[in-house]
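These notes concern the structure reproduced below.
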Amino acid sequence: VGLRVRGKTTEGYPKLSYSLETRDESDNDKDVSLLGMPAESDWILYAPYAEKSLMQDALAFQWTRELGQYASRTRYVEVFLNTTGSSTIDYSSSYVGIYILEEKIKVDSSRVDINKIGPADNSGDPLTGGYIWKKDKVDPDEIPFTTQSGQSYIHVSPDDSDITPQQSAYLTSYINEFESTLYGPNFADPVNGYAKYIDVDSWVD
C-alpha cells in the first residue's frame with residue numbers, strides 16, 4: 001500500500017488520519033475489497049480524534065445510506081503503524097488506536113455512480129457531467145475556482161491536473177446560474193427556480 005497523512009487542520013492532531021492506496025507489485029493501483037466493501041484502490045483511515053464518541057462520521061454516513069443516498073461505507077478497525085522498517089511488528093509500541101476505514105469519495109460504479117469525464121469531453125452532453133468538487137481549505141497544489149457570489153471551490157474529479165478549460169468554465173457557469181436563480185426573486189418556481197439545477201430530494205436528505 002501507499003500511505004500518506006491526510007487532512008488540513010487535523011494534520012496538527014496527535015492522532016493522524018491517512019490516505020491509503022492499495023497497489024500491485026509494480027506499484028500501480030490495484031482494486032481490492034477491504035472488509036467486505038466493494039473493490040477499489042483508494043481508501044481513508046480516518047482518525048476520530050476530535051470525536052470523543054468515535055461515531056459521528058460513521059453515523060452520518062450510515063443514516064445517509066439508509067435514506068437511499070450514497071455515502072462512504074465504513075468499518076471500525078484497530079491500527080498498528082510500523083515506522084521502524086522492520087519486517088516484524090512490535091504490537092505494544094506500534095498501536096495507534098481505533099480508526100474508521102472509509103471509502104474515498106470518487107467516481108466509481110460502486111461509489112459516486114456518475115459519468116467519468118475525460119480530456120476529450122469538451123462539448124455536448126459529455127461536457128455536462130459528472131463532476132465532483134468540494135468546499136475546503138486549499139492545499140498549495142490546488143487551484144480554487146470562485147463563483148460570482150465569492151464562493152471558492154476545489155476541483156476533485158476531474159482534478160486540477162486533468163480538467164480542461166472548457167470543463168472548468170462549464171462547471172463555474174452552471175454554479176453561477178444556480179446561485180443567480182437561488183438568490184433571485186423567482187427562486188421557488190418549480191420549473192425555473194433552484195429545483196432546475198439540483199436534485200432537491202437528495203439535498204433535503
Side-chain angles (χ1 to χ4, degrees), residues 1-24 28-81 95-118 129-139 141-142 144-145 151-163 171 175 198-205:
V1 301
L3 194 70
R4 66 175 176 83
V5 174
R6 177 182 184 271
K8 294 179 170 61
T9 302
T10 58
E11 286 185 352
Y13 287 175
K15 184 177 181 179
L16 298 174
S17 292
Y18 300 96
S19 293
L20 185 151
E21 186 178 85
T22 51
R23 298 175 178 170
D24 63 17
N28 298 312
D29 290 2
K30 180 179 181 180
D31 292 347
V32 174
S33 174
L34 299 181
L35 301 180
M37 293 186 281
E40 243 293 346
S41 62
D42 291 305
W43 306 87
I44 293 165
L45 280 171
Y46 169 65
Y49 175 76
E51 298 180 19
K52 301 313 178 187
S53 68
L54 310 182
M55 67 175 80
Q56 288 160 244
D57 255 31
L59 283 177
F61 291 151
Q62 176 186 330
W63 291 335
T64 300
R65 291 193 303 273
E66 289 179 2
L67 286 166
Q69 305 292 347
Y70 170 74
S72 299
R73 298 172 183 89
T74 62
R75 299 288 187 272
Y76 281 98
V77 295
E78 290 187 285
V79 174
F80 296 84
L81 186 62
Y95 181 69
V96 290
I98 295 174
Y99 277 68
I100 303 175
L101 177 67
E102 301 177 351
E103 293 177 321
K104 180 181 179 180
I105 295 173
K106 64 182 294 188
V107 177
D108 185 273
S109 59
S110 63
R111 295 190 181 178
V112 182
D113 190 10
I114 57 177
N115 293 330
K116 188 173 181 66
I117 295 181
Y131 296 90
I132 299 177
W133 70 98
K134 65 180 178 178
K135 186 167 185 64
D136 203 346
K137 293 180 180 177
V138 180
D139 283 337
D141 61 339
E142 293 174 331
F145 65 98
Q151 297 296 319
S152 290
Y153 300 101
I154 301 164
H155 296 293
V156 175
S157 182
D159 65 14
D160 290 329
S161 62
D162 293 328
I163 197 164
L171 179 59
I175 300 174
I198 66 172
D199 181 332
V200 176
D201 288 345
S202 74
W203 279 51
V204 171
D205 288 344

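In what follows, residues are counted from 1 in the order of the sequence shown. In what follows, every heavy atom counts, from backbone to side chain, and hydrogens, waters and symmetry copies are set aside. All figures in this text were calculated on a predicted structure; none of them were measured in a lab.
With contacts defined as side-chain heavy-atom distances shorter than 4.5 Å, the pair Ile105/Val112 qualifies. For the pair Glu40 and Arg111, the minimum side-chain heavy-atom distance is below 4.5 Å. Using a 4.5 Å cut-off on side-chain heavy atoms (C-beta onward), Arg65 and Tyr70 make no contact. A 4.5 Å side-chain heavy-atom check between Ile132 and Ile114 finds at least one atom pair inside the cut-off. Side-chain contact between Asp205 and Thr64 is absent, with no heavy-atom pair separated by less than 4.5 Å. Side-chain contact between Leu3 and Leu81: present, with at least one pair of heavy atoms (C-beta onward) separated by less than 4.5 Å. Looking at heavy atoms from C-beta onward, Ser41 lies in side-chain contact with Lys106 at the 4.5 angstrom threshold. Trp133 has its side chain within reach of Phe145: a pair of non-hydrogen atoms, C-beta onward, lies under 4.5 Å apart.
A salt bridge is absent between Glu21 and Lys104; no separation between the charged side-chain nitrogens and carboxylate oxygens falls under 4.0 Å. A salt bridge links Asp136 with Lys8; the closest basic N to acidic carboxylate O contact falls under 4.0 Å.
Contact record, Lys30 with Thr22: O-OG1, 2.6 Å, taken as the closest heavy-atom pair. Scanning both residues, Lys137 and Glu142, for their nearest heavy atoms gives O-OE1, 3.8 Å. Residue Thr74 comes nearest to Ala58 through the heavy atom pair OG1-CB, 4.2 Å, listed as atom of the first residue, atom of the second, then distance. Here the shortest heavy-atom pairing between Lys15 and Pro48 reads NZ-CD, 4.2 Å. Pairing each heavy atom of Ala47 with each of Ser17, the nearest pair is N-OG, 2.8 Å. Smallest separation of non-hydrogen atoms from Ser152 and Lys135: O-NZ, 3.3 Å.
Side-chain atoms of Ser202 come within 3.5 Å of backbone N or O of Asp199 as a donor-acceptor pair. At least one donor-acceptor pair under 3.5 Å links the side chain of Asp159 to the backbone N or O of Ser161.
Between the side chains of Glu78 and Tyr99, no donor-acceptor pair of N or O atoms lies under 3.5 Å.
Here the straight-line distance linking atom CD of Glu102 with atom CZ of Arg75 works out to 11.5 Å at 0.5 Å rounding. Distance check: Leu45 CG to Leu16 CG gives 11.5 Å after rounding to the nearest 0.5 Å. Atoms CG and CD1, on Asp160 and Ile154 in that order, are 8.0 Å from each other to the nearest 0.5 Å. The structure places CD of Glu66 at 9.5 Å from CG of Leu59, a figure rounded to the nearest 0.5 Å. Rounding to the nearest 0.5 Å places CE of Met37 at 4.0 Å from CG of Leu101. One distance of note links CD1 of Ile44 with OG of Ser72; it measures 6.0 Å at 0.5 Å rounding.
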Would Tyr76 and Met55 count as a side-chain contact (heavy atoms from CB on, under 4.5 Å) here? Give the steps.
CA-CA 9 Å; Tyr76 281 98; Met55 67 175 80; 3.3 Å; yes
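Sorted by first and then second residue, the ring-ring contact (aromatic ring centres under 6.0 Å, His included) pairs with a member in residues 45-67 read Tyr13-Tyr49; sequence neighbours excluded.
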